[in-house]
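Here the structure is laid out as structure tokens; the discussion comes afterwards.
The chains referred to below are lettered A, B, ... by the order of the sequence lines, with proteins before strands, and numbering in each begins at 1.
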Amino acid sequence: MDGKATAQTDRQHWLGLLARAPAGRLDALCRAAQVPRAGTWLRRAEIGTVMLRGRAGGTGAPFNLGEITVTRAAVELPGGTVGHGHVQGRDKAAAEWAALVDALMQTDAAGRLRPAILDPIAAELAATAADRAARAAATRVEFFTLVRGED
Amino acid sequence: MYVAVKGGERAIDNAHAWLAEERRGDVGVAELGVAQIREQLALAVNRVMAEGSLYDPDLAALAIKQARGDLIEAVFLIRAYRTTLPRFGASRPVDTDAMRCDRRISATFKDLPGGQVLGPTFDYTHRLLDFALMAEGEAPMAPRAPVTGEAVPHVMALLDREGLIQQEPATGTTPPDLTREPMELPADRALRLQALTRGDEGFVLGLAYSTQRGYGRTHAFVGELRIGAVTVEMDIPELGFAITLGEVVLTECETVNQFAGSKTEPPQFTRGYGLVFGQSERKAISMSLVDRALRWRELGEDDEGVPAQDEEFVLMHADNVQATGFLEHIKLPHYVDFQSELELIRKLRRTAQAETQEAAE
């Protein structure tokens, strides 16, 4: 994979984490990490929807399933780096933090923000998912067959 | 005919004030928080999200509180709110094969990769009222078991490998959207699925049940039912690539139905499909049965003239907000309409009376 593709994958990864951060966590983590709110807002936080699509039969032609709420924002740092924030739900503060973190992650601040913000979010999401999976695993049916008669 | 009638403002204001007081109920009882509704009445929240066609648990919980638990009123509130929001775009179709399943069962195969996972189900409960819930107790704790990480492939893919079931080839078409353009009949399957997934659960259930009782028999097996979280991805033009926007819980039902075949093609199972927001199992199964019944034309089946096969009947009556709006408008003032009917009936009676008198004389 070339450098550009790696950078894009990395950015996709952190944008996905910022979008899915549990309620209130992004705000708390960004304040704790003292993320600077310096920059020009290209787009102040805006609440809207995204139409979610499914596929007939799971694999076939797409159809419209319904919408989800999404909040987005965009910021330009004094150095000219642009950050885009998208979060699920209607938390405007979170969308603006996401934009700021996205921009700063493209700068030298990345080394500091990754362990302070992204890693905790990833760990929390993974822990929540793992705990659900563990409860599901406990409800998996273990069939056993009763032997009846000789034939 | 509607006529502006003035003079009810004070009565209306006072009625709304009383509504607010009734909503609060006995102030000696703690007020219900929106977060409590979201967490503890989650299946009502799911239903409002599915029929309101907007996935946002906080908003759905708020709507339920505001509507005093009237779920159709709550759906109405969600639909109204949705229209105030700009739409940023459409997601990539969700990949339900990659669902992180809370529940996954099949009625057609006992042993299957990924296993039968019951999840948090009402099945096998005895439906006895649990009076322990009336007392405050410690939060219950479910057992955990090691996660194998085994893949959970769709059951349909197993049948598909042998060519035993009708295929669902992927297309890149842009589906029609009934929230943007008026519904046109005949509808293609994408439009039907959209109408069914946001349709009233009771209506879709009743139709599905009618097919089981013989009004358009499709002989369905639940090939697979899965509930769990899928990620939502969207291409962002400003970025030039797709990102994960979030995660939603969906219920998916795939039915295996009786055969279609022709001179050129050997007999194959056919399929119905249900996909619904949230943990909405009854609705997803119902949707897949009705989807299958509505496919009679494309599968070369006979029109039996039953309700579940009648696309217009199903699609035009499935929406509970539309239905409520039209149904309830008849309670609003129709004074002038009714006045003309009154005059008409008096005239008819006068004529009839005069005729009777004439005959008697």
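The CD atom of Gln116(B) sits 11.0 Å away from the OG1 atom of Thr139(A) when rounded to the nearest 0.5 Å. Here NE2 of His84(A) is found 9.0 Å from CD1 of Ile236(B). Values are rounded to the nearest 0.5 Å. Rounding to the nearest 0.5 Å gives a distance of 11.0 Å between CZ of Arg140(A) and CG of Leu118(B). Ile68(A) contributes atom CD1, which lies 11.0 Å from atom CE of Met49(B) (distance to the nearest 0.5 angstrom). Atom OG1 of Thr197(B) and atom CZ of Phe63(A) lie 6.0 Å apart (nearest 0.5 Å). Rounded to the nearest 0.5 Å, atoms NE2 (His86(A)) and OG1 (Thr244(B)) are 12.0 Å apart.
Within a 6.0 Å sphere centred on CZ of Phe269(B), other residues, nucleotides and ligands contribute 12 heavy atoms or fewer. Annotation for Glu181(B): atom CD counts as buried by contact number, over 12 foreign heavy atoms lying within 6.0 Å. Asp123(B) CG: more than 12 foreign heavy atoms inside a 6.0 Å radius. Atom CD of Glu298(B) is surrounded by more than 12 heavy atoms from other residues, nucleotides or ligands within 6.0 Å. Residue Arg132(A) qualifies as open at atom CZ: its count of foreign heavy atoms under 6.0 Å is 12 or below.
The most heavy-atom pairs under 4.5 Å with chain B, out of Asp131(A), Thr59(A), Val141(A), come from Thr59(A). Your options are Val82(A), Leu17(A), Ile47(A), and the one with the most heavy-atom pairs under 4.5 Å with chain B is Ile47(A). When Ala50(B), Pro169(B), Gly52(B) are compared by the number of non-hydrogen pairs under 4.5 Å with chain A, Pro169(B) comes out ahead. Most heavy-atom pairs under 4.5 Å with chain A, from the set Asp177(B), Thr179(B), Val248(B), Val276(B): that is Asp177(B). Heavy-atom pairs under 4.5 Å with chain A were tallied for Met234(B), Arg100(B), Glu238(B), Arg92(B); the largest tally goes to Glu238(B). The candidate from Ala56(A), Ala21(A), Gly54(A), Ala130(A) with the greatest count of non-hydrogen atom pairs under 4.5 Å with chain B is Ala56(A). In terms of heavy-atom pairs under 4.5 Å with chain A, the best-connected choice from Arg192(B), Arg87(B), Arg271(B) is Arg87(B). Across Leu191(B), Asp97(B), Asp291(B), Leu239(B), the residue that shares the most heavy-atom pairs under 4.5 angstrom with chain A is Leu239(B). Ranked by non-hydrogen atom pairs under 4.5 Å with chain B, the options Leu18(A), Leu65(A), Val87(A) are led by Leu65(A). Ranked by heavy-atom pairs under 4.5 Å with chain B, the list Gln88(A), Met51(A), Glu67(A) is led by Glu67(A). When the candidates Arg11(A), Arg90(A), His13(A) are compared by the number of heavy-atom contacts under 4.5 Å with chain B, Arg90(A) comes out ahead. Most heavy-atom pairs under 4.5 Å with chain A, from the set Val232(B), Asp111(B), Leu59(B), Thr148(B): that is Leu59(B).
Not a single donor-acceptor pair under 3.5 Å links the side chain of Arg82(B) to the backbone N or O of Thr69(A). Judged purely by atom type and a 3.5 angstrom limit, Glu168(B) has no side-chain atom pairing as donor or acceptor with the backbone of Gly58(A). Put simply, the side chain of Gln12(A) gets close to the backbone of Ala242(B): a donor and an acceptor are under 3.5 Å apart. With hydrogens and angles ignored, the 3.5 Å screen pairs no side-chain donor or acceptor of Arg135(A) with any backbone N or O of Ala142(B). At least one donor-acceptor pair closer than 3.5 Å links the side chain of Asn64(A) to the backbone N or O of Pro176(B). Side chain of Ser53(B) to backbone of Gly66(A): no donor-acceptor contact under 3.5 angstrom is found.
When every heavy atom of Thr174(B) is checked against every heavy atom of Arg53(A), the shortest pair comes out as CG2-NH2, 3.9 Å. Considering every non-hydrogen atom in both Gly57(A) and Glu254(B), the closest pair reads O-OE2, 3.1 Å. Phe241(B) and Gln8(A) make their closest contact through CB-NE2, 3.2 Å (heavy atoms, listed as atom of the first residue, atom of the second, distance). Of all non-hydrogen atoms in Val117(B) and Ala136(A), the two that sit nearest each other are CG1-O, 3.3 Å. Summarising the geometry of Ala90(B) relative to Val50(A), their closest heavy-atom pair is C-CG1, 4.0 Å, with the distance given to 0.1 Å. The two residues Pro62(A) and Pro175(B) make their nearest non-hydrogen contact at O-CB, 3.3 Å.
Residue Cys253(B): no heavy atom, backbone or side chain, is found under 4.5 Å from chain A. The part of Tyr273(B) that comes within reach of chain A is its side chain, from C-beta onward, which places non-hydrogen atoms under 4.5 angstrom from that chain. Contacts between Pro86(B) and chain A at a heavy-atom distance below 4.5 Å involve backbone atoms as well as side-chain atoms. Residue Glu224(B): no heavy atom, backbone or side chain, is found under 4.5 Å from chain A. Contacts between Glu142(A) and chain B at a heavy-atom distance below 4.5 Å are absent for every atom of the residue. Thr173(B) touches chain A through backbone and side chain together, each having a heavy atom under 4.5 Å away.
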